[in-house]
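Please read the structure below before turning to the comments.
Each chain gets a letter, A, B and so on, in the order its sequence line appears, and its residues count up from 1.
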Amino acid sequence: MKLEKEGREKSSKKLEKREKKKPKHSPKEEQNGEQIQSDEHQQGSALSRGLKCEAGDADVNMDIKVDPDKRVHHDGHEDSSSSENNEKLLKSQTKISKEHQNNETKKEQTADLHLKQESDSEQELSITPQTEMKNREDEENREKEEERDKHQHPEEKRKKQSSEQDKPEKRKKIKKEEEKKEKDDKKNKKRKKIEEEKKEKGDKKSNNKRKKIKEEEEKEKDDKKSKKRKKIDEEDKKEKVKKDKKDEKKKEKGKKDKNDEEGKKEKGKKEDKKEEESDKWKWWEEGKSCDAVKWSSLEHKGPYFAPDYEPLPANICFYYDGQQVKLSPLTEEIATFYAKMLDHEYTTKEVFQKNFFKDWRKEMTKEERKLITTLSKCDFTHIHKYFVEKAEEKKNMTKEEKQVLKDEAARLMEEFGYCLLDGHREKIGNFKLEPPGLFRGRGEHPKMGRLKKRIQPEDVAINCSKDSKIPEPPAGHKWKRVQHDNTVTWLASWLENIQKRPKYIMLNPSSKLKGEKDWQKYETARRLKECVKSIRKRYMQDWKSREMKSRQRGVAIYFIDKLALRAGNEKDDESADTVGCCSLRVEHIRLHKHLDGLDHVVEFDFLGKDSIRYYNKVPVEKQVFKNLKLFIKHKDPEDDLFDRISTVNLNKALTESMSGLTAKVFRTFNASTTLQDQLNKLTSDDGTVEEKILSYNRANRAVAILCNHQRAAPKTFEKSMQLLQEKIQKKKEQIEEARKELKEAKQVDKDTPSDKSSKLVEKKQKAVQRLCDQLKKLQLQETDREENKVIALGTSKLNYLDPRITVAWCKKHQVPIEKIFNKTHREKFAWAIDMTDESFQF
DNA sequence: CGCGCCACTTAGAAGCTGTCTA
DNA sequence: TAGACAGCTTCTAAGTGGCGCG
């Protein structure tokens with residue numbers, strides 16, 4: 001009763017916000033709602049690519065979209081290949097749900113206890129079951145731990161070692177002590193900061209903190225620095241020598257014959273690789289550096305500015321109302337942005353047109369503004385045609401011309417693409433500033449079509465070390481500011497004019513700075529693996545809490561854990577209406593007591609990040625179902641489902657359960673766990689490399705489905721699929737033929753046995769075998785491609801799957817790593833490739 | 001506590017390129 | 001030998017989450 005009342009008295013602030021949102025959003029929300037609903041009726045509520053999906057795509061989507069626990073098909077229709085696949089998925093993923101269920105019984109027992117203790121503070125409650133669990137798990141985990149320790153991040157190791165030396169009973173105390181210490185440290189730091197800030201009023205606040213840290217660091221590192229400088233000099237020399245060597249090699253290569261080249265290319269590549277490897281900085285072999293200080297020296301050339309606008313040739317004109325109009329350069333430039341996009345769907349959207357026209361008019365001269373008042377009277381087609389022709393020309397360039405462009409790009413890369421960080425040459429991720437253009441938001445973005453202005457040096461802040469060569473701004477210009485903040489990783493930043501968000505120039509994922517962080521991320525996920533049981537137990541207890549907030553949090557964490565939903569931060573109205581877990585609204589779920597033979601099914605339907613539609617039907621525990629019913633009681637469709645919680649307090653609760661734990665860790669954890677489980681399950685030792693790769697892709701796909709990573713079906717999908725099928729048919733016919741020939745040869749051999757005839761039989765047999773192998777390969781390719789139609793494997797591979805799982809798998813099953821990781825992957829995951837042996841388990 | 005700012009990660013689309021095939 | 005296409009790279013939007021402040 002009390003809960004219901006609470007439910008009705010929804011926290012006013014969130015509601016107020018929504019109320020404010022309502023008028024602005026209502027037309028759009030209605031639109032979305034309508035579309036989704038009609039989709040459902042017509043297509044059996046297919047998972048479509050947001051609202052972009054065409055009706056024809058729906059079937060396939062339906063088959064692929066499966067609930068990670070017990071994936072339900074929306075209309076019972078499935079094709080054989082994917083159903084088989086889904087079964088496999090299902091099996092693997094029931095593991096998670098089994099754990100949930102196991103806990104369910106335990107939960108019942110502990111729930112009573114929980115309620116009895118309700119008068120106690122929430123904190124204490126949370127600690128008791130947790131430590132209990134820990135005790136039980138300790139024994140089991142210890143062995144695993146030892147094994148895993150080999151692979152651990154030094155930082156993590158350190159943390160662990162300190163906590164592990166103690167007996168479980170003492171943990172609580174020590175934990176508290178640690179917390180105290182941490183708090184004290186923080187307090188002290190804060191005090192110092194405040195004092196310093198008072199001293200140096202003129203300076204910016206954050207800079208003080210950073211300066212302080214830097215100064216301390218610098219003192220410590222004085223010795224190191226001088227060494228480093230020497231090192232840098234040495235390395236520079238080395239680099240030069242190596243570059244020269246490489247150039248020579250390239251020249252040599254060029255001289256040789258084609259055939260010769262083919263053979264030597266491989267060798268050359270290998271040599272290059274070796275060289276690069278020895279070149280590369282194995283930062284992971286060094287100890288972990290300080291968390292707050294990201295570098296001690298940083299030098300770079302600054303960003304590369306977009307080339308100036310080249311006015312259109314005199315014969316290419318813009319027409320207004322049938323009249324030829326010569327535009328001023330800026331107006332013309334903006335017109336070309338629109339003209340270039342003319343055959344894109346964007347330009348048909350009203351919002352896009354409106355935003356574009358408004359911003360365009362702002363930049364026009366007075367006369368232009370007076371003349372050009374209606375977009376529909378503007379004729380960009382001549383300009384459009386010009387660019388199409390230009391693109392065609394570019395395509396038809398000779399090899400030499402193309403080479404010139406390539407060389408130029410390489411030169412740019414060489415000049416601007418690298419920085420010197422702590423004496424090591426590191427690749428920059430995005431050294432080119434974003435050129436001006438029209439903003440292309442994702443989904444129904446209210447700002448689509450707005451003008452993204454050209455970035456001027458005066459907009460750009462530079463970050464580098466004090467004693468480094470400070471990058472030169474373009475002639476006649478100044479930087480917005482130059483700072484020397486070594487607590488951040490960016491080299492340059494500017495404020496983008498549409499959303500007013502900062503943008504940065506940062507390092508490439510292959511760099512130490514990014515790599516170390518990545519490694520740490522996976523270590524955190526592995527730590528979660530250790531305590532996920534107790535966390536699950538805890539949130540299950542929360543489902544029965546007397547406090548609405550705890551119940552909501554319990555259910556939310558359950559969704560995040562089970563469905564790998566994103567946290568769902570609050571968003572402003574000035575972006576597309578997308579949600580994550582905490583921002584789910586009542587309208588995004590539907591409750592079915594029974595559905596397709598299952599009990600307590602929750603139907604999710606919402607737009608997530610990048611306006612990608614999440615559609616899923618999930619059977620949930622009875623208690624969750626009851627809670628959801630409670631949460632939606634007396635609420636409007638556009639009210640928040642979880643009105644009592646936010647990502648901030650959800651994450652706070654998670655961090656209390658495990659240091660460093662936030663909602664997003666669950667995605668990494670669940671993704672990597674799924675991959676590991678699936679690989680263990682799907683890989684057979686006696687398969688061919690191709691079959692193993694298919695298994696890997698299947699495992700990868702299971703993860704992509706879990707994380708809802710989608711892509712638009714390739715435009716030429718149907719066609720290329722048909723082609724492949726024809727090929728398979730042909731191969732089958734060839735096999736038939738070869739078999740006939742084999743039979744004949746056998747007959748001949750039988751009738752008139754001879755050396756020659758028996759050899760012929762052997763030969764024919766081999767031919768049949770070869771063709772069969774080829775057929776198998778093609779068929780594997782077919783399945784793989786079909787299953788990948790709307791699923792994007794790349795995102796999970798790059799961001800969620802601990803690369804060490806893959807490396808270990810490759811080593812164990814003798815699959816060359818190049819078959820799974822392309823060059824970019826190998827560069828990004830160099831640390832994992834180098835350090836992992838085949839015994840690694842996530 | 002809630003807000004705004006900031007820094008960093010994650011994401012799909014677009015663009016590009018090298019390879020295969022007719 | 002062009003042209004189709006798949007896979008890779010580049011681009012930049014859109015998330016997450018920490019921190020400081022009032």
Side-chain angles (χ1 to χ4, degrees), chain A residues 11 13-14 17 49-50 52 186 190 193-194 197 205-206 209 294 341 344 346 391 394-396 402 405-406 409 413 429-435 437 439-443 445 447-448 452 463 485 487-490 493 495-496 498-504 506-509 513-514 517-518 521 566-572 575-576 578-583 608-612 646-652 654-655 660-665 667-668 707-712 714-717 719-720 723-724 727 781 785 788 790 792-796 798-800 821-825 827:
Chain A
S11 81
K13 289 207 173 163
K14 265 200 171 181
K17 259 190 199 169
R49 296 194 46 68
K52 284 171 276 177
K186 271 186 190 172
K190 265 189 187 174
K193 259 183 249 159
I194 292 164
E197 273 164 23
K205 295 156 203 165
S206 53
K209 174 188 88 185
K294 315 286 184 179
M341 294 177 73
H344 198 288
Y346 271 121
K394 200 181 166 194
K395 230 165 94 188
N396 294 332
K402 277 182 186 167
L405 286 183
K406 220 174 157 185
M413 181 73 183
N430 55 328
F431 65 90
K432 287 177 178 169
L433 287 176
E434 294 172 15
F439 176 76
R440 303 148 91 120
R442 308 269 167 88
H445 201 295
K447 290 189 173 176
M448 64 166 86
K452 237 174 74 171
N463 192 37
D485 181 353
T487 65
V488 294
T489 66
W490 53 267
S493 76
L495 210 62
E496 163 253 11
I498 309 252
Q499 325 229 49
K500 303 270 187 277
R501 294 179 52 148
K503 293 222 171 185
Y504 303 92
M506 285 191 198
L507 294 188
N508 184 274
L513 237 35
K514 297 281 181 184
K517 207 75 190 298
D518 210 36
K521 172 181 82 185
R566 295 189 185 82
N569 282 321
E570 294 265 335
K571 293 180 71 183
D572 54 15
S575 57
T578 61
V579 297
C581 185
C582 292
S583 46
K609 182 176 179 181
D610 291 324
S611 293
I612 296 292
S646 69
T647 52
V648 175
N649 55 48
L650 188 135
N651 279 336
K652 214 176 148 198
L654 289 174
T655 313
L661 181 63
T662 60
K664 88 193 208 40
V665 178
R667 258 166 99 79
T668 314
C707 296
N708 200 38
H709 290 144
Q710 298 184 39
R711 61 167 186 170
K715 279 171 196 155
T716 50
F717 183 82
K719 209 174 147 193
S720 71
L723 232 66
L724 192 61
K727 246 191 204 169
Q781 207 184 336
R785 208 189 290 176
N788 266 344
V790 288
L793 301 185
T795 307
S796 51
L798 209 58
N799 298 304
Y800 287 107
F821 282 165
N822 65 33
K823 197 173 136 248
T824 319
H825 291 132
E827 278 170 12

It should be established whether [X] places a side-chain nitrogen or oxygen under 4.0 Å from OP1 or OP2 of nucleotide [N].
{"X": "A:K571", "N": "C:dG15", "value": "yes"}
{"X": "A:K517", "N": "B:dC8", "value": "no"}
{"X": "A:K447", "N": "C:dA13", "value": "no"}
{"X": "A:T662", "N": "C:dG17", "value": "yes"}
{"X": "A:K503", "N": "C:dA13", "value": "yes"}
{"X": "A:N799", "N": "B:dT9", "value": "no"}

Min side-chain heavy-atom separation [X]-[Y] under 4.5 Å:
{"X": "A:K517", "Y": "A:K521", "value": "no"}
{"X": "A:E570", "Y": "A:S646", "value": "no"}
{"X": "A:C581", "Y": "A:R566", "value": "no"}

Determine the contact category for [X]: base if any of its heavy atoms lies under 4.0 Å from a base atom, sugar-phosphate if only primed atoms, P, OP1 or OP2 are that close, otherwise nothing.
{"X": "A:Y800", "answer": "sugar-phosphate"}
{"X": "A:G568", "answer": "sugar-phosphate"}
{"X": "A:K294", "answer": "sugar-phosphate"}
{"X": "A:R566", "answer": "sugar-phosphate"}
{"X": "A:P435", "answer": "sugar-phosphate"}
{"X": "A:T489", "answer": "sugar-phosphate"}
{"X": "A:K609", "answer": "base"}
{"X": "A:K402", "answer": "nothing"}
{"X": "A:N569", "answer": "base"}
{"X": "A:T578", "answer": "sugar-phosphate"}
{"X": "A:K406", "answer": "sugar-phosphate"}

Both A:L495 and A:L798 contact DNA chain B. Which one's nearest nucleotide lies toward the 5' end?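 By nearest-heavy-atom nucleotide position, the 5'-most residue is A:L495.
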Given that A:P502 and A:A792 both sit by DNA chain B, which one's nearest nucleotide is further toward the 5' end?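 Looking at the nearest nucleotide for each, A:P502 comes out on the 5' side.
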With sequence neighbours left out, what residues match [X] under ring pair (Phe, Tyr, Trp, His ring centres under 6.0 Å)?
{"X": "A:F431", "answer": "none"}
{"X": "A:F821", "answer": "A:H825, A:F829"}
{"X": "A:Y346", "answer": "A:H344, A:F352"}

Closest to the A:K432 side chain, choosing from C:dG15, C:dC11, B:dG12: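 Given the options C:dG15, C:dC11, B:dG12, the side chain of A:K432 is closest to C:dC11.
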Of the nucleotides B:dG12, C:dG15, B:dA7, which one has an atom closest to the side chain of A:H709?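 Nearest to the side chain of A:H709 among the choices is B:dG12.
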For DNA chain C, whose closest nucleotide is more 5', that of A:N822 or that of A:L661?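 By nearest-heavy-atom nucleotide position, the 5'-most residue is A:N822.
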Assign each of A:F439 and A:F821 to its nearest nucleotide of DNA chain C by heavy atoms, then name whichever residue's nucleotide is nearer the 5' end.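 The answer here is A:F821.
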A:R442: salt bridge (Lys or Arg N to Asp or Glu O under 4.0 Å) partners, not counting sequence neighbours: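 A:R442: salt bridge (Lys or Arg N to Asp or Glu O under 4.0 Å) contacts with A:D610.
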Considering residues at least two apart in sequence or located in another chain, which fulfil the salt bridge (Lys or Arg N to Asp or Glu O under 4.0 Å) criterion with A:K452?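 A:K452 satisfies salt bridge (Lys or Arg N to Asp or Glu O under 4.0 Å) with A:E434 only.
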Dump the pairs, protein N or O against N or O of nucleotides 14-16 of chain B, anything under 3.5 Å, distances to one decimal.
unit_1	atom_1	unit_2	atom_2	d
B:dA14	OP1	A:H344	NE2	2.7

Between P on B:dC8 and CG on A:L507, what's the gap in Å once rounded to a whole number?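 Atom CG in A:L507 sits about 10 Å away from atom P in B:dC8.
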